[in-house]
Every structure is written in structure tokens, then in C-alpha cells.
Amino acid sequence: MIALVNPVSSGSELAAAFAEEGADCLLVHTRDQASAFHRATANGRKSHLHTELAGTAEYLRSAGVRTVIAASEFGVTLADELSELLGLPHHRHELRAARRDKHLMARALADAGLPHARTVLLRTEAELRDALDGWDAFPLVIKPLNSAGSDGCHISADAAEAVAAFRRIAGRPNLTGEVNDAVLLQEFLQGTQYIVNTVSMEGRHLASEVYAERIDRSEGAPVLRHIISRPVLNDAERELVDYVSRCLDALGIREGAAHTEVMLTGRGPRLVEVNSRVMGPSLAPDPYHAAFGYSHQHLVVERFLRPQEFARRFELPYTAARTVAKVFLRPHRPGVLLAVEGARILRRLAGFHSIDRLPAVGEPIHDRHLTTGRSGIAYLVHEDEDLLLSSLGVLHDLEDTGGFYRLAETERN
């Protein structure tokens, strides 16, 4: 039996992929995800509400669980802890904290001799001001120690902006439900940001997908507009994938999915962060299957249900038949949604595949600058990358000029 820990966000699609193949899965939810637990039990899924570590470990042992998988960012730490108590194959437990703490992550890379962004951990404004006294390169990045979806990340042009950004996020709750009791000051990495998704087996890492990202800035915050897959890798991108594999080794990742963000700078690749779970926030499988012949979550299923079949992939070159683009749709300003006027244009664009998670008409649009997917996600797939880029340009112009979402002037109470 396989235990999936907190299968929410894109983890719900991971659970669905296991269910497609009739896998015997037990869904483990923490108390903060109790609503997901109640939905699962109402649908007849085998589920357990976690309250205490030893008790949950014993429950999984008695149920015959032989594999524990973090099914979302909310399940990463608990999956590590349960696998250690149960003595099951998993990641290196002594590096557990470094897989979630971005400061320890940078230290782990330093210990492994890997290049990384200069990073300073801060708990007080006084510590920030001390660090800024010796900081000689602007812009710089201020961001939470642990969060997701670009939450709280701010690119600061000078020391005053950095202090203001620190004040906005220090001590505040973040998207993972934790309080920002520490903040990172980090070197700004200039270059093209990439995503490398991997699935690991016994310490070997398979690059499943490589994407280049378009990131704009809005009010000092990085805003991810789209990711576009790389069907064939050039020399610099192959070097980037090799660097990611060494980062996974340095962080002790050995089994299952990882979602890594990395910047390709003029000095070579530099890690942004590693997330030891499937990519989020949306993993609607069909666009990925149309491009790659698989999705990230289906490769995870293959690794655990058919390991011999998965192992043969290590001998194959990285390639894809088509290019896929994932667009994080953006309203041009805050407001209550009156109509999705751009949808009919989007559906006529060359390469259009599907739309996921469109916000509801009559409701305020949330998270305009975050990568939570709550403003909608569009997928485009085509053999011709240049044609796809042209369609993306039309779509982004439509968003930026207010032609995609028609909004009320003020939000309703």
C-alpha cells in the first residue's frame, strides 16, 4: 500500500493518477487539511486524519504501507518523518530541514561545493540593516524563509525598499500556513529562470520536463506569466539539468518527484529552490501528455507501480514531440469578475489546448501576482514553438490591456 500525504493542490491530481491505475492508496491528511480528509472519506477513499506522529506511523504500519509520498508542499515534512519511523526507502533524513528551509538549502549546496546565490538569514530589522551595510549589489531579493507561489517575494532596488519589504512579510502568515518568523536577503540572479521537473529512483534522477519561464515585475514583485517547455536542450540547458541533479544529491533527494527552479546566469546555473514534490498548482494531465507523452504525476505513478518500466527511461534521451506552454492568467487590476471576454479569443489562438480553474463570475479575483492558479490557467500545445510564442504574445497583450477579464470598478463586500 502507498500512503499519499496531504494530496491537495496538484497532489489531488497525483492521487487521481494512482487511482486511474487501481493502486491501493491511503490518503493521510493533517488537521489543517481536514476539509480534504472529509471529502475523501465521503467519496469512499481510504483516509486517515493525522494528529500525532507515532500514532499515524503505527496506523500506516498496521495498514501495510510500504511507500510514503509527499503529495503536496503541505506533506513534505510529514512524509519524511513517517518514512523514517517506518524504516521505508526515502530521502536522506539528516538533510530533511534543508529540503524546506531555503537558508539551509543554500548551505547544503555550499557544503557540496556547488555554486549558489549569496543568502543571509534575518529575524529582525536590525539584522537586515546590518546586512545591508555590507551589501554592494542591487537590486536584491527579500522573501520568506518558507512559502510558495512567489508569496512575499520582493525585488528591492535599494536598502529602503528592502526594509519596507521586510516589514510587510516578517511575522505574517504565508501560503503554507506558517508564520514568517525569518526572512531571507538574497543576491538577485540575472538571467533566464527555468523549471526542471524530475522523478528519482534509488538516487538516480530523471529529468521529465524542462521549462523556460517568462517573469515580469509588478510593483517590485516577480510575476510569472508563463512557462514554456524545451523539447530539445542546448548545451547550456544540458549543463543546467546536470547542475539540478547535483543539487538534488546535495539535498539528499532519492525517491519520487522534485520540482526545481533554477536561474541560468552569465556565470552558469544557480539554484532558486528545490521542492520535493510534484509541480503545482495545476497538473491537468492532458496538455503534458500531448507534448511529452506523460505528465509529472503519471511518471511518479510509473516509478512506484512499474519500477522496471520506469528504469528504462534512464537510457533514453530527453526529448518531446511538441511544445507546451502553461499560462498563469492575470487580471490587469483588482476587481469583481463580470465576464471572461478573452476566453473566446484564447480558444481561437493557434495551439490552444484547454483552460483550467477559471475564476467564477461575480466573485473577486484573488492572488493577481501569485502563482496559485486562482486567476485561471491556460494551456497551449503545438509543434511550432515560434507560432506558440506568437499566440502567447497575443494572450498577454489581451490580459495587460484589460481585454481578457472584464471587472467591476470596485470589489464587492
Side-chain angles (χ1 to χ4, degrees), residues 1-7 10-11 14-15 17-19 21-30 46-48 50 53-101 104-105 108 111-112 196-208 244-260 274-279 294-315:
M1 181 179 286
I2 295 170
L4 301 177
V5 183
N6 274 336
S10 55
L14 176 62
F18 274 105
E21 302 210 16
D24 191 11
C25 289
L26 172 65
L27 310 184
V28 178
H29 294 91
T30 51
K46 295 178 184 176
S47 305
H48 175 74
H50 166 75
L53 188 60
T56 297
E58 183 53 38
Y59 182 87
L60 267 56
R61 185 181 290 109
S62 64
V65 168
R66 294 291 178 266
T67 302
V68 179
I69 299 173
S72 68
E73 189 65 30
F74 305 100
V76 167
T77 299
L78 181 56
D80 276 347
E81 292 170 340
L82 289 170
S83 64
E84 182 176 22
L85 281 179
L86 295 169
L88 299 176
H90 204 67
H91 309 315
R92 289 175 56 190
H93 296 295
E94 70 274 16
L95 290 164
R96 178 184 306 153
R99 288 191 288 272
R100 290 220 59 225
D101 182 314
L104 295 179
M105 192 176 287
D111 291 344
V196 180
N197 288 338
T198 53
V199 181
S200 302
M201 183 172 73
E202 298 175 351
R204 296 181 71 188
H205 312 299
L206 178 76
S208 59
V244 167
S245 291
R246 288 182 284 145
C247 290
L248 298 182
D249 288 339
L251 294 168
I253 292 176
R254 296 186 51 80
E255 301 289 350
H259 167 67
T260 300
V274 172
N275 304 279
S276 48
R277 39 78 176 173
V278 292
M279 179 171 69
Y294 52 75
S295 70
H296 198 198
Q297 69 268 35
H298 282 87
L299 275 189
V300 175
V301 171
E302 182 181 287
R303 181 266 168 268
F304 288 108
L305 298 188
R306 300 186 302 281
Q308 291 182 335
E309 182 179 330
F310 177 80
R312 290 196 288 271
R313 293 187 182 273
F314 287 111
E315 312 308 319

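Summarising the geometry, atom CZ belonging to R204 is positioned 11.5 Å from atom CZ belonging to R303; distances are rounded to the nearest 0.5 Å. Note that CD1 of I2 and CG of D24 are 8.5 Å apart. Values are rounded to the nearest 0.5 Å. Note that CD of E58 and CG of L53 are 12.0 Å apart. Values are rounded to the nearest 0.5 Å. Rounding to the nearest 0.5 angstrom, the gap separating the NE2 atom in H259 from the OG atom in S276 is 11.5 Å. Atom OG of S208 and atom CZ of R313 lie 9.5 Å apart (nearest 0.5 Å). For the atom pair CG of D249 and CG of L95, the computed distance is 11.0 Å after rounding to the nearest 0.5 Å.
H93 and H90 have parallel rings, their planes meeting at less than 30° on a 0 to 90° scale where 60° marks the start of perpendicular.
Nearest heavy atom pair, residue A250 against residue A112, reads CB-CB, 3.7 Å. Closest of all the heavy-atom pairs between L4 and A71 is CB-CB, 4.2 Å. Residue P7 comes nearest to L27 through the heavy atom pair CG-CD2, 4.0 Å, listed as atom of the first residue, atom of the second, then distance. Closest of all the heavy-atom pairs between A98 and A108 is CB-CB, 4.3 Å. The two residues H296 and V199 come nearest to each other via the heavy atoms CD2-CG2, 3.8 Å.
Residue L206 forms a side-chain contact (heavy atoms from CB on, under 4.5 Å) with just one option from T198, N197, L299, and that option is L299. A side-chain contact (heavy atoms from CB on, under 4.5 Å) with H50 holds for exactly one of N6, L78, V5, L60; it is L78.
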- Evaluation steps, side chain to side chain contact (heavy atoms under 4.5 Å, CB included), between R92 and R254: CA-CA 7 Å; R92 289 175 56 190; R254 296 186 51 80; 4.1 Å; yes
- Item | Trace of the side chain to side chain contact (heavy atoms under 4.5 Å, CB included) decision for R100 with E73 | CA-CA 9 Å; R100 290 220 59 225; E73 189 65 30; 3.0 Å; yes
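At least one side-chain heavy atom of L305 sits less than 4.5 Å from a side-chain heavy atom of F18. A 4.5 Å side-chain heavy-atom check between L82 and V65 finds every atom pair outside the cut-off. Between M201 and F314 the shortest side-chain heavy-atom distance falls below 4.5 Å.
For S83 (side chain) and D80 (main-chain N/O), a donor-acceptor pair under 3.5 Å exists by modelled atom type. Formation of a donor-acceptor pair under 3.5 Å by the R99 side chain with backbone atoms of L251 is found in this model. Using a distance-only test at 3.5 Å, with no hydrogens or angles considered, no donor-acceptor pair links the side chain of E255 to the main chain of G203.
The ring pair (Phe, Tyr, Trp, His ring centres under 6.0 Å) test applied to F304 returns no partner, not counting sequence neighbours.
If you check the side chains of H29 and S47, you find no donor sitting under 3.5 Å from an acceptor. For the residue pair H205/S200, the side-chain donor-acceptor check at 3.5 Å is satisfied.
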